[in-house]
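One structure below.
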Amino acid sequence: MSGSSTPDLAAALSSGIRMRRRAILGCLLGNFLEFYDFTLYGFFAIFIGRSFFPSSNPTLSLLSSLATFGVGFVMRPVGGLVMGAYADRYGRKGALILTMAIMAVATGGTGLIPSFKTAGIWGPAVLVACRLAQGFSTGGEWGSAVVFMVEYATPGRRGFYASWMQVGVALGSLIGSICALLLTVSLDAASLNSWGWRIPFVAGFLLLPIGLYLRKHVDETPAFERLVSKNEVIKTPIFYAFMLQKLAIWQVFGTSIIWNAGSYVMLIYLPTFAAQVLKVDLKLALAATAIGTVVRAFLTPVFGYLSDRVRRKPIIQSLNFAFLLLAYPLFLWMMDDPGFVSLLGTSFIAGILAAMVAGAGPVMLSEMFPTRLRSTPIGIGYNLSVAIFGGFGPFICTYLIRQTGQSVAPAYFLLVCSLVSMLCVAQLKDRTTIPLDEL
């Protein structure tokens, strides 16, 4: 009897390892595509503005492009609400398959839209539609993927497992940066402006078959399957999220404000800021940002591992304090010494701070909620924060610079955001050591 059970145990362990690997790769790829798309849009905002929002004033053209970038984020809370509820009602796996499909189609479609010169008002209209679809899918992706990874994690390693989803975010930003850099170096301005910026968007569609394969061939999370077996699945998660978790939703919102503002301003908006405000060569700005993103990708699982050892809250509060301390000096440095060295130093520090968020942040949010009602409140609170402070962060920074006449104005935005998040985190209980089924 024991002889037959040993091979069965080994087979079960091997199967479990394979499933966890597929779960990690599937979530990593989805978040890769998400930030690949948004990074490309942020980097090519100038060219997209010229294609779809032609104007004699370059600043107004850029503002229109960045506003469209932000419009996609308006749909993120909707996607978080709808797909989060789907994940809590029908399972995390199904939600992630749907978000992957919508995301890939929207990304590829962005690169195929005819310009304003060719299609008139229909060009910008279809661009906005693609951004809305992208925002919806991304909103549903983030919360469901975090929960999926946390619920697949082995005991005591939730932070480390969840961090790999965020490695996908960093890699998406990195590959997006490299694509933008290569195109900027290899194409002349006219080619880049007319068709060159479209190539990486269309290429993103090729990831759809791989992503769908990985997500279809992974089991539902063990935690959700236990809910199903006990008949404890909530049938109206949206209703109960607002009835039972209203305060926690606002805590998620406030806690993640600086995560989103800091990441989008310091890593995605920075090349545009360098080119438009500092008058630095765009190629140098893209190279500096790419190096910062490498730092982020490398350190994210390190901070995920550390969060399992020293807990989540100390890491997140250290991040908040770092932004309070460094935001103004970094922008002042770039203003006083505009060039590759200051951009590289700023991007390097931003990469470390983003890794702190990516390693300890998502798992901390997931630990605020019970399994039966986890994806919905995270999807609502986090994506509302992204929509306001992430998606419109570059627009807010550009607007502040124009209104105040101070190129250092984005630092003020980051200072306010970090202070609010610090106060919110101070109210949270650290739940690092509490077993998943007891949260």
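Side chains included, hydrogens not; waters and symmetry mates left out as well; all remaining heavy atoms used.
- Annotation for Gly80 and Asn383: closest pair CA-ND2, 3.7 Å, computed over non-hydrogen atoms.
- Nearest heavy atom pair, residue Ile249 against residue Ile380, reads CG2-CG2, 3.9 Å.
- Closest heavy-atom contact between Val357 and Pro362: O-CD, 3.2 Å.
- For Arg22, the CZ atom counts as densely surrounded, since its 6.0 Å shell holds more than 12 non-hydrogen atoms of other residues, nucleotides or ligands.
- No side-chain donor-acceptor contact under 3.5 Å links Ser421 and Asn320.
- The six-membered or imidazole ring of Tyr264 lies away from that of Phe389, with a centre-to-centre distance of 6.0 Å or more.
- Listed here is the closest heavy atom pair of Leu324 and Ser418: CD2-OG, 3.3 Å.
- Not a single donor-acceptor pair under 3.5 Å links the side chain of Lys246 to the backbone N or O of Ala241.
- Within a 6.0 Å sphere centred on OH of Tyr412, other residues, nucleotides and ligands contribute more than 12 heavy atoms.
- Residues satisfying the ring-ring contact (aromatic ring centres under 6.0 Å, His included) criterion with Tyr161, sequence neighbours excluded, are absent altogether.
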(request) Determine, step by step, whether Met83 and Phe136 satisfy the side chain to side chain contact (heavy atoms under 4.5 Å, CB included) criterion, reporting the C-alpha distance in whole Å, the side-chain angles of both residues, the deciding distance to 0.1 Å, and the verdict. (result) CA-CA 9 Å; Met83 299 310 299; Phe136 178 89; 4.1 Å; yes

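- Here the side chain of Gln317 pairs a donor or acceptor atom with the backbone of Met422 at under 3.5 angstrom.
- The 12-atom threshold is not exceeded at CZ of Phe348, counting heavy atoms of other residues, nucleotides or ligands nearer than 6.0 Å.
- Side-chain atoms of Asn31 never come within 3.5 Å of backbone atoms of Gly168 as a donor-acceptor pair (strictly under, hydrogens ignored).
- Residues Gly140 and Thr99 share a closest heavy-atom pair of C-CG2, 3.8 Å.
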(request) Test Thr371 against Arg374 for side chain to side chain donor-acceptor pair (under 3.5 Å), laying out the working first. (result) CA-CA 5 Å; Thr371 302; Arg374 184 169 287 144; 3.2 Å; yes

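- Judged as a side-chain hydrogen bond (donor to acceptor under 3.5 Å, both in side chains), and not counting sequence neighbours, Asp336 has no contacts.
- Side chain of Arg76 to main chain of Gly135: no donor-acceptor pair is present (N/O by atom type, distance under 3.5 Å, no hydrogens or angles).
- Checking side-chain atoms of Asp337 against main-chain N and O of Ser342 turns up no donor-acceptor pair under 3.5 Å.
- The aromatic rings of Trp164 and Phe160 stand perpendicular to each other, their planes meeting at an angle above 60°, with 30° marking the opposite boundary.
- Among pairs with a residue in residues 353-386, those fulfilling ring-ring contact (aromatic ring centres under 6.0 Å, His included) read Trp142-Tyr382, at least two apart in sequence or across chains.
- Judged purely by distance below 3.5 Å, without hydrogens or angles, the side chains of Ser144 and Arg92 never pair a donor atom with an acceptor atom.
- Residue Leu278 holds its CG atom at 11.5 Å from OG1 of Thr272, rounded to the nearest 0.5 Å.
- Closest heavy-atom contact between Ala23 and Met149: O-SD, 3.6 Å.
- Note on ring orientation: taking the six-membered ring where Trp is involved, the planes of Phe148 and Tyr152 are tilted (angle from 30° to 60°).
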(message) Pair Arg158, Arg431 - check side chain to side chain contact (heavy atoms under 4.5 Å, CB included), show working.
(response) CA-CA 11 Å; Arg158 294 197 297 253; Arg431 302 183 178 186; 5.6 Å; no

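- Ring-plane geometry between Phe201 and Trp197 is classed as perpendicular, the angle between the planes exceeding 60 degrees on a 0 to 90 degree scale with a lower cut at 30.
- With a 6.0 Å cutoff to the six-membered ring centre and a 45° limit on the axis angle, Arg309 counts as a cation-pi contact of Tyr305.
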